[in-house]
Amino acid sequence: MEDTVTGVRVDVAMTVGVRRERLWELITDVSRTGEWSPECTGAAWLDGDAAAGAGAQARVGARFEGRNRYPDGFVSRVVCVVTEAERPSAFAWVVLDDSGDPERAASIWRYELLPAAEPGQTLVRHSFEHGPGNSGARVADRHDPGSMAGRLEQLRGNMAATLAAMVASEQDRCGPAD
């Protein structure tokens with residue numbers, strides 16, 4: 001059977017009115033993701049990572065658990081491993097499948113933060129790529145080969161909504177960037 005899932009991806013890019021350094025802090029504070037995301041209801045650092053100081057958790061090899069709720073009411077918990085943490089320009093992680101092998105990740109997520117044309121703004125590139133591991137999306141695609149296109153559109157919308165809510169919460173807290 002042909003693998004039509006591995007490598008499918010979604011990319012979202014937007015310029016936001018938050019400085020790179022501050023946006024990196026928000027993105028890497030996984031405990032706040034549930035405040036902004038339409039799908040992720042929360043996340044928490046695991047093991048010794050939970051006791052690390054602010055910003056120290058976002059390091060290569062650190063693990064966190066994410067909790068998601070889907071439109072059909074299904075709830076899942078996933079373990080994620082940070083694969084890239086370069087302050088203030090990149091943060092990435094893989095979602096492990098049941099094998100627990102990062103090389104067979106269910107998905108790969110990445111934020112890239114670049115200076116924008118205007119001071120105080122950041123060009124954010126956020127991506128999702130399905131890995132070779134097992135996932136609900138892979139199972140759904142086996143049962144309905146056309147379902148992946150809908151899931152990718154849903155992810156694109158959720159990624160954009162999460163970024164917009166994150167930026168709005170920061171601007172509400174301290175006003176627009178200078």
Side-chain angles (χ1 to χ4, degrees), residues 3-20 22-44 58 64-84 89-97 105-114 116-118 121-173 176-177:
D3 181 356
T4 59
V5 175
T6 301
V8 298
R9 65 181 290 128
V10 170
D11 295 282
V12 172
M14 59 178 38
T15 299
V16 300
V18 178
R19 287 187 168 84
R20 278 188 338 150
R22 179 61 183 148
L23 194 57
W24 195 88
E25 290 170 2
L26 293 169
I27 288 167
T28 60
D29 186 354
V30 299
S31 68
R32 295 194 61 199
T33 304
E35 295 175 32
W36 307 307
S37 173
E39 186 169 291
C40 177
T41 60
F64 62 93
E65 178 185 75
R67 297 174 304 282
N68 300 307
R69 181 181 314 277
Y70 301 93
D72 65 1
F74 180 73
V75 175
S76 73
R77 291 178 180 264
V78 294
V79 174
C80 306
V81 178
V82 176
T83 57
E84 185 177 8
S89 57
F91 183 62
W93 67 94
V94 296
V95 175
L96 302 178
D97 72 358
S107 58
I108 302 117
W109 294 83
R110 186 170 193 272
Y111 282 96
E112 182 180 15
L113 309 176
L114 302 165
E118 298 293 322
Q121 293 188 339
T122 302
L123 171 60
V124 183
R125 293 185 182 146
H126 185 25
S127 64
F128 159 89
E129 181 177 339
H130 201 290
N134 289 317
S135 71
R138 184 178 296 281
V139 171
D141 189 70
R142 283 188 199 123
H143 295 291
D144 176 8
S147 67
M148 186 55 76
R151 178 63 177 142
L152 293 175
E153 277 307 307
Q154 183 181 52
L155 285 169
R156 179 178 284 110
N158 288 348
M159 291 159 66
T162 300
L163 277 169
M166 184 186 303
V167 169
S169 74
E170 181 64 9
Q171 290 175 339
D172 287 346
R173 186 182 75 80

With the side chain counted from C-beta on, respond yes when Glu170 and Leu23 share a heavy-atom pair under 4.5 Å apart, and no when they do not. no
Could you tell me the separation between the CG atom of Leu96 and the OG atom of Ser135, rounded to the nearest 0.5 Å? 13.0 Å
Of all the heavy-atom pairs spanning Met148 and Ala137, show the shortest one and how long it is. CE-CB, 3.6 Å
Straight-line distance of Thr162 OG1 to Glu35 CD, nearest 0.5 Å: 11.5 Å
Which residues pass the side chain to side chain contact (heavy atoms under 4.5 Å, CB included) test with Thr41, sequence neighbours left out? Arg67, Arg69
Minimum heavy-atom separation for Ala116 to Thr15, with atom names? CB-CG2, 3.7 Å
Ring pair (Phe, Tyr, Trp, His ring centres under 6.0 Å) pairs touching residues 128-160, sequence neighbours excluded, are Trp109-Phe128
Taken in chain and number order and not counting sequence neighbours, the residues that satisfy side-chain hydrogen bond (donor to acceptor under 3.5 Å, both in side chains) with Thr4 are Asp141
Looking only at heavy atoms, what is the nearest atom pair of Ala13 and Arg125, with distance? CB-CG, 4.2 Å
Kindly give the heavy-atom pair with the smallest separation between Ala90 and Glu84, and that separation in Å. CB-OE2, 3.3 Å
Expected list for residues 72-82: side-chain donor-acceptor pairs under 3.5 angstrom, two or more places apart:
unit_1, atom_1, unit_2, atom_2, d
Asp72, OD1, Phe74, N, 2.9
Ser76, OG, Tyr70, OH, 3.4
Arg77, NH1, Glu65, OE1, 2.8

Sub-4.5 Å side-chain heavy-atom contact between Trp24 and Thr122: no
Over all heavy atoms of both residues, which pair between Ala58 and Phe91 is shortest? Give the atoms and the distance, please. CB-CE1, 3.9 Å
If you measure from the Lys or Arg side-chain nitrogens to the Asp or Glu carboxylate oxygens, is any gap between Arg151 and Glu39 under 4.0 Å? yes
Audit row: Arg9, Ile108, side chain to side chain contact (heavy atoms under 4.5 Å, CB included) steps and yes/no: CA-CA 9 Å; Arg9 65 181 290 128; Ile108 302 117; over 6 Å; no
Full working for side chain to side chain contact (heavy atoms under 4.5 Å, CB included) between Asp11 and Met159: CA-CA 9 Å; Asp11 295 282; Met159 291 159 66; over 6 Å; no
When you measure from the side chain of His126 to the backbone of Arg110, do you find a donor-acceptor pair of N or O atoms at a distance under 3.5 Å? yes
Distance in Å, Asp3 CG paired with Arg142 CZ, rounded so as to fall on 0.5 Å steps: 8.5 Å
Please give me the minimum heavy-atom distance between Arg32 and Ser169, naming the atom from each residue. NH2-OG, 4.2 Å
I'd like to check the side chain to side chain contact (heavy atoms under 4.5 Å, CB included) partners of Thr33; sequence neighbours left out, ordered by chain and number. Val30, Ser37, Cys40
Mind jotting down which residue pairs meet the salt bridge (charged side-chain N to carboxylate O under 4.0 Å, His left out) criterion with at least one end in residues 157-169? Sequence neighbours excluded, please. none
Between the main-chain N or O of Ser89 and the side-chain N or O of Arg20, is there a donor-acceptor pair closer than 3.5 Å? no
Test side chain to side chain contact (heavy atoms under 4.5 Å, CB included) applied to Val167 and Val124, step by step: CA-CA 11 Å; Val167 169; Val124 183; over 6 Å; no
